[in-house]
Engineer: 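This structure is in structure tokens; I'll ask about it shortly.
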Amino acid sequence: MQYPVGPPLPPAHPPMPGAPPPPADPTGHLMVPQGAPAPGAVPGMPPADPAHAAVAVLLIGPAGAGKTTVARHWADTRRVPTAHISLDDVREWVRSGFADPQSGWNDHSEAQYRLARRTCGFAARNFLANGISCILDDAVFPDRPAVGLGGWKRHVGPGLLPVVLLPGLEVVLERNAERTGNRRLGDEEVARIHGRMAGWYGSGLPIIDNSQQDVTTTARLLDEVVARSLASPPSW
């Protein structure tokens with residue numbers, strides 16, 4: 001394909017002498033400044049106040065766990081500005097050509113997932129740089145390193161606080177049955193995903209079983225987990 005050719009434009013920020021060229025990436029990953037990643041604990045400093053600190057939380061769980069509902073309520077009711085970023089919502093920004101993982105996980109759907117995760121991470125870092133907390137939700141599998149926690153940590157920052165929301169199988173089946181469109185999965189798929197999520201037990205990440213908890217109570221439990229994680233960040 002031919003593109004119009006004109007005089008070259010000077011770079012907005014000339015590269016530093018000796019700086020390596022930015023790596024090419026087919027998904028359009030831009031190397032943004034690392035000045036405002038999710039803040040981590042600083043040795044020798046008192047832990048951040050969980051009620052007022054700008055934090056980045058990643059809420060993990062199977063389909064039907066209530067991630068999006070809990071994340072939205074938590075963001076709505078905090079005493080400080082807080083944003084909710086749903087990876088599923090961002091993935092579905094692609095309309096024509098959307099690669100639905102339910103139709104099969106392949107290179108196309110993985111590329112769109114990675115692009116969506118990078119977009120979410122970029123947004124989270126921008127919110128944090130402006131003093132706004134954020135909570136992201138994604139069905140991160142413990143046995144799928146290609147799209148696992150490492151990517152979220154790389155794109156959001158080392159202070160990202162992962163929390164697993166894992167109710168019982170009967171609960172996720174019931175909640176999934178109430179969903180519509182491509183968010184609703186078959187019972188066998190829900191059971192398979194739930195079984196894989198059990199791998200988070202023993203991982204060291206905080207886990208909330210919200211089988212018997214309403215949304216308000218679960219959000220309060222999430223507050224408690226975030227407070228503990230700020231005081232003593234989990235190793236992951």
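Computed from a predicted structure; not experimentally measured. Basis for what follows: all heavy atoms, side chains included, without hydrogens, waters or symmetry-related copies.
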Engineer: Taking the side chain as every heavy atom from C-beta outward, state whether Glu170 and Leu173 have any atom pair closer than 4.5 Å.
Structural biologist: no
Engineer: Under a 4.5 Å side-chain heavy-atom rule over Ile, Leu, Val, Met, Phe, Trp and Tyr, are Val172 and Phe141 clustered together?
Structural biologist: yes
Engineer: Between Gly121 and Val156, what is the shortest heavy-atom contact and its length?
Structural biologist: CA-CG2, 3.8 Å
Engineer: Determine the minimum heavy-atom distance between Ser109 and Ala99, stating which atoms define it.
Structural biologist: CA-CB, 3.6 Å
Engineer: Can you tell me how far CG of Leu58 sits from NZ of Lys153, rounded to the nearest 0.5 angstrom?
Structural biologist: 12.5 Å
Engineer: Is Arg192 paired with Glu188 through a side-chain N to carboxylate O contact shorter than 4.0 Å?
Structural biologist: no
Engineer: So, Asp209 versus Ser211: side-chain donor-acceptor pair below 3.5 Å or not?
Structural biologist: yes
Engineer: Return the CH2 to CG distance between Trp200 and Asp143, rounded to the nearest 0.5 Å.
Structural biologist: 9.0 Å
Engineer: How long is the gap from CD1 on Ile208 to CG on Leu59, to the nearest 0.5 Å?
Structural biologist: 7.0 Å
Engineer: If you compare all heavy atoms of Leu160 against all heavy atoms of Trp152, which two are closest, and at what distance to 0.1 Å?
Structural biologist: CD2-CB, 3.7 Å
Engineer: Indicate yes or no: at least one non-hydrogen side-chain atom of Pro206 is less than 4.5 angstrom from one of Ser229.
Structural biologist: yes
Engineer: Starting at OG1 of Thr217, measure out to CG of Leu222 and round the result to the nearest 0.5 Å.
Structural biologist: 12.5 Å
Engineer: Check the pair Arg117 / Val90 against side chain to side chain contact (heavy atoms under 4.5 Å, CB included), numbers first and verdict last.
Structural biologist: CA-CA 8 Å; Arg117 185 178 61 190; Val90 173; over 6 Å; no
Engineer: Under the 3.5 angstrom rule, does the side chain of Asn210 hit a backbone N or O of Val215 as a donor-acceptor pair?
Structural biologist: no
Engineer: Between CG of Leu115 and OG1 of Thr119, what distance do you get to the nearest 0.5 Å?
Structural biologist: 4.5 Å
Engineer: Could you check if a side-chain atom of Leu165 sits within less than 4.5 angstrom of a side-chain atom of Val70, using non-hydrogen atoms only?
Structural biologist: yes
Engineer: Would you say the side chain of Leu87 lies within less than 4.5 Å of the side chain of Tyr113, judging by non-hydrogen atoms?
Structural biologist: yes
Engineer: Which heavy-atom pair separates Arg175 from Gln213 by the least distance, and what is that distance?
Structural biologist: NH2-O, 4.3 Å
Engineer: Is any side-chain heavy atom of His84 closer than 4.5 Å to a side-chain heavy atom of Trp74?
Structural biologist: no
Engineer: For Ala71 versus Asp137, what's the shortest heavy-atom pair and its separation?
Structural biologist: CB-OD2, 4.3 Å
Engineer: Counting heavy atoms not belonging to Asp76, are there more than 12 under 6.0 Å from its CG?
Structural biologist: yes
Engineer: Could you check if a side-chain atom of Val226 sits within less than 4.5 angstrom of a side-chain atom of Val57, using non-hydrogen atoms only?
Structural biologist: yes
Engineer: Roughly how far, to the nearest 0.5 Å, is the CZ atom of Arg220 from the OG1 atom of Thr77?
Structural biologist: 12.0 Å
Engineer: For the residue pair Ile85 and Cys134, what are the closest heavy atoms and their distance?
Structural biologist: CD1-CB, 4.2 Å
Engineer: Under a 4.5 Å cut-off applied to non-hydrogen side-chain atoms, are Leu136 and His155 in contact?
Structural biologist: no
Engineer: Is the backbone N or O of Gly61 less than 3.5 Å from a side-chain atom of Lys67, with the two atoms forming a donor-acceptor pair by type?
Structural biologist: yes
